[in-house]
Amino acid sequence: MKQNVLVIGSGGREHAIVDALKRSESVGRVYCAPGNAGINMQATPVEIAVTDIDNLARFATDASVALTVVGPEVPLANGIVDEFRKRGLRIFGPTKAAAQIESSKAFAKELMARHNIPTAASRTFEEFQPALDYVLAGPEQIVIKYDGLAAGKGVVVAQNHTEAEAALRNMLLDDEFGKGRVVVEEFLDGPEFSFMCLVNGAKVYPLAIARDHKRAYDNDRGPNTGGMGAYSPVPFVTDEIRQAALDTILRPVAQAMVDEGTPFSGVLYGGLILNNGMPKVIEFNARFGDPETEVVLPRMESDFYNVLEAVIDGRDCEIRWKPETRLGIVLAADGYPGTYAKGLRINGLDKVDDKVYHMGTRLDNDGNIVSAGGRVLMVTAGADNLTQARKQALKEIHKIADCSEGFFFRSDIGVKESAE
């Protein structure tokens, strides 16, 4: 009997989740709340906000949903998993307490310190002046992180004390992301990569490694964004590095959360850096990464729904992967991550030959697909190697960008790594 599934969210990550579930022979109807113009071509849209937990739970009950998959971090931090479980509903994601590993940078840092997880040295501050005094007494390069959720934009890698002071003012005096604390970290040098694992308590099921590109513009310039492109697999992450990350970071953290009474279930996302040859933690997320999910899930050969069921049940499960390299490039509205226009018409989608995941789109009154966010869509391509995947993805995104106005994209996703 095919099962009904509900996906919560409206971005590219959720589009990739919907797409993967639609390939499952075990899945019947896929609902998505609230969805977007692209998702709604593959799933039945449900006009309920991701924060409306009560109505989402009612819908899951009324629609005989066998499994709910949560995409964004906000409903997780608000306790959607706790409420669904209270009502006897099957849901994939961490509890509110466990989701603190993302919703509070300080929580994550303190957990790692207690369990000797390799990460950057840090201090947490609530007041501006003590934070500034600490920064001015240290090296020029420093990392400033807002303690709460900030949609991927609450991290500043300051190159000097002036930039660090400005970041502290924004976060602690101007309350750019709301009233909260900051974590000040030492700057770690090295290439970064994303290691997402499906987790149930102490059981860890690793997914394929990916690499995200956070800066807005080519050559890693400009402000941090939610992600301007990604690829998977990552050539510099050898089997030995991957195993070290599992053995020294992901598995110990999962065990630590069990030991401390906040067992994790769902996706534990390790944002890692290769520092002096060894992986260290930059951050943890409590859900699928965006845009990494858009290049990881298309590579999964195993039935995605059956994998999620196995994880929830705590059963052993070997996840199979296609040998291809997949690379994705984000099309964003001019001005993102600052001020940008919405309602921009997107042309050329019918010309693209590979996968397009919608991130921020809607239908206008005339039935045209238009932008509804800063990151608008992600064009992905699969090939035998990184160079070919990049070349194909660029060819495909030009089919849209060349006949649509008001957008930009990075042309160098994966270029440094493909040349190595």
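Note: hydrogens, waters and symmetry copies are ignored here, and every other heavy atom, side chains too, is used.
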- Item | M378/H358 under side chain to side chain contact (heavy atoms under 4.5 Å, CB included): CA gap, chis, key distance, verdict | CA-CA 6 Å; M378 184 172 181; H358 290 233; over 6 Å; no

Are any of the side-chain nitrogens in [X] or [Y] under 4.0 Å away from the carboxylate oxygens of its partner?
| X | Y | result |
| --- | --- | --- |
| K399 | D353 | yes |
| E294 | R13 | no |
| K109 | D147 | no |
| E324 | R326 | yes |
| R23 | D19 | yes |
| R375 | D290 | yes |
| E73 | R287 | yes |

- Given side chain to side chain contact (heavy atoms under 4.5 Å, CB included), test F408 with Y217 step by step and report yes or no. CA-CA 9 Å; F408 77 99; Y217 311 126; 3.8 Å; yes

If you measure from [atom1] on [X] to [atom2] on [Y], what distance do you get to the nearest 0.5 Å?
| X | Y | atom1 | atom2 | value |
| --- | --- | --- | --- | --- |
| M171 | R181 | CE | CZ | 14.0 Å |
| F187 | N275 | CZ | CG | 9.5 Å |
| I346 | R362 | CD1 | CZ | 10.0 Å |
| T339 | D334 | OG1 | CG | 12.5 Å |

Would you say the side-chain atoms of [X] pair up with the backbone N or O of [Y], donor to acceptor, closer than 3.5 Å?
| X | Y | result |
| --- | --- | --- |
| D313 | R315 | no |
| E309 | V307 | no |
| E83 | I80 | no |
| N36 | T361 | no |
| T124 | A106 | no |
| N160 | E163 | yes |
| K280 | L272 | no |
| S371 | L344 | yes |

- Message: Can you classify the ring geometry of Y357 versus H15 as parallel (below 30°), tilted (30 to 60°) or perpendicular (above 60°)?
- Response: perpendicular

- Message: Does the plane of the ring in F288 sit parallel, tilted or perpendicular to the ring in F92? Use 30° and 60° as the thresholds.
- Response: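 Ring orientation, 0 to 90° scale: tilted.
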
- Centroid separation Y269 to F195 less than 6.0 Å: no

- Can you check side chain to side chain contact (heavy atoms under 4.5 Å, CB included) on V199 and V267, steps first, answer last? CA-CA 6 Å; V199 174; V267 183; over 6 Å; no

- Give the intermediate values and the outcome of salt bridge (Lys or Arg N to Asp or Glu O under 4.0 Å) for residues R320 and D303. CA-CA 9 Å; R320 300 183 309 278; D303 185 302; over 6 Å; no

- Item | Verdict with supporting geometry, N306 and S26, side chain to side chain donor-acceptor pair (under 3.5 Å) | CA-CA 7 Å; N306 291 345; S26 301; 2.9 Å; yes

- Between R251 and D247, does a salt bridge (Lys or Arg N to Asp or Glu O under 4.0 Å) hold up when you go through it step by step? CA-CA 6 Å; R251 284 180 177 143; D247 292 343; 3.4 Å; yes

So, [X] and [Y]: side-chain donor and acceptor under 3.5 Å apart, yes or no?
| X | Y | result |
| --- | --- | --- |
| T61 | R87 | no |
| D218 | S411 | yes |
| Q388 | Q392 | no |

- Item | Worked check of salt bridge (Lys or Arg N to Asp or Glu O under 4.0 Å) between R169 and D174 | CA-CA 6 Å; R169 286 186 182 279; D174 300 338; over 6 Å; no

- Task: Would you check, one step at a time, whether the test side chain to side chain contact (heavy atoms under 4.5 Å, CB included) holds for R215 with R410?
- Result: CA-CA 9 Å; R215 297 283 190 165; R410 279 185 61 166; 3.7 Å; yes

- Which is it for D82 and K86 under the salt bridge (Lys or Arg N to Asp or Glu O under 4.0 Å) test, yes or no, and what are the steps along the way? CA-CA 6 Å; D82 308 71; K86 192 187 302 180; over 6 Å; no

